[in-house]
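Comments concern the structure below.
Worth saying up front: this structure is predicted, and the values here are computed from it rather than measured.
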Amino acid sequence: MVDASLRSMILQIMRTMRDEHGISFLYITHDLATAHQISDETFLMYQGHTVEHGVGTSVLTQPRHPYVQQLVASIPRIDMKWEGTITLPDNAASGHSAPVGCPFTARCPYRMDICTTTMPKLVQIGADDQQAACFQYEQQSVAHS
Ligand code: SF4
């Protein structure tokens, strides 16, 4: 949470160290904008679970998991006035799901019966080795371990 010019300088130093010295970074952030700028590989987590993973920035430009879709949709755009409302399911107030099943169940507009009883695995979807942990994609994909 540093100011924009200092943040840009830090990211540039990290890129230089990566490109010129082969140094890798584990960059943990809530800031999707800088994650988009710097990441070669991205893991999106919810309540300690990886819900989406991808090489490059496809997870942020074409998010598949409902949580990541909501995250990306909530990023303010400087060229657009904020309009409309965000509707959450009635039981979303706590933000916590039952200890079994998908951790995003309480807040997911697409939840199904299986979501409350079974933890979804990461499955490959689309190109670029993009994966999401969501039952919406299990039928069309090969499960990853
Ligand atoms: S597994 Fe179910 S509750 Fe979890 S994100 Fe997918 S549709 Fe929503």
Check [X] against [Y] and note the closest heavy-atom contact, atom names and distance.
| X | Y | value |
| --- | --- | --- |
| Val72 | Pro63 | CG2-CG, 4.0 Å |
| Tyr46 | Pro103 | CE2-O, 3.1 Å |
| Pro120 | Cys134 | CB-N, 3.8 Å |
| Gly54 | Val59 | N-CG1, 3.4 Å |
| Ile125 | Ala132 | CD1-CB, 3.7 Å |
| Ala35 | Thr29 | CB-CG2, 4.0 Å |

Review point. So, Ser5 and Asp3: side-chain donor and acceptor under 3.5 Å apart, yes or no?
Key: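 Checked: Ser5/Asp3 side chains pair up, N/O donor to acceptor below 3.5 Å.
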When hydrophobic residues are tied together by side-chain contacts of less than 4.5 Å, even through go-betweens, does [X] share a cluster with [Y]?
| X | Y | result |
| --- | --- | --- |
| Met17 | Leu6 | yes |
| Phe43 | Ile28 | no |
| Tyr67 | Ile75 | yes |
| Met80 | Leu32 | no |
| Tyr27 | Met45 | no |

Point to revise | From CA spacing to verdict: side-chain contact (heavy atoms from CB on, under 4.5 Å), Met112, Gln136 | key: CA-CA 9 Å; Met112 302 166 269; Gln136 293 185 98; 4.3 Å; yes
Atom pair [atom1]/[atom2] of [X] and [Y] - distance to nearest 0.5 Å:
| X | Y | atom1 | atom2 | answer |
| --- | --- | --- | --- | --- |
| Thr34 | His36 | OG1 | NE2 | 11.0 Å |
| Arg111 | Thr116 | CZ | OG1 | 9.5 Å |
| His65 | Gln70 | NE2 | CD | 10.0 Å |
| Leu60 | Leu44 | CG | CG | 6.0 Å |
| Tyr110 | Gln69 | OH | CD | 5.5 Å |
| Leu11 | Gln37 | CG | CD | 5.5 Å |

Check your understanding: Under the criterion side-chain hydrogen bond (donor to acceptor under 3.5 Å, both in side chains), which of Glu52, His53, Gln124 is the partner of Gln130?
Key ->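 Single pass found, and it is Glu52.
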Exercise for review: Indicate yes or no for a side-chain donor-acceptor contact from Thr42 to the backbone of Ser39 under 3.5 Å, with no hydrogens or angles considered.
Suggested key: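 Side chain of Thr42 to backbone of Ser39: no pair is present.
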Check your understanding: Under 3.5 Å, side chain of Thr105 to main-chain N/O of Cys115, donor-acceptor pair present?
Key ->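 Side chain of Thr105 to backbone of Cys115: a pair is present.
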Practice item. Would you check if Val68 and Val51 make a side-chain contact, meaning some heavy-atom pair closer than 4.5 Å? Key: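 They are in contact (side-chain heavy atoms under 4.5 Å apart), so the answer is yes.
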Point to revise | Side-chain touch Arg18/Ile23, heavy atoms, less than 4.5 angstrom | key: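 No, every pair of side-chain atoms sits at 4.5 Å or beyond.
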**Study point:** Test side-chain contact (heavy atoms from CB on, under 4.5 Å) applied to Val123 and Gln131, step by step
**Key:** CA-CA 5 Å; Val123 293; Gln131 302 165 351; over 6 Å; no
Exercise for review: Assess whether atom NE2 of His21 is packed by more than 12 heavy atoms of other residues, nucleotides or ligands within 6.0 Å.
Suggested key: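 More than 12 heavy atoms, drawn from other residues, nucleotides or ligands, come within 6.0 Å of this atom.
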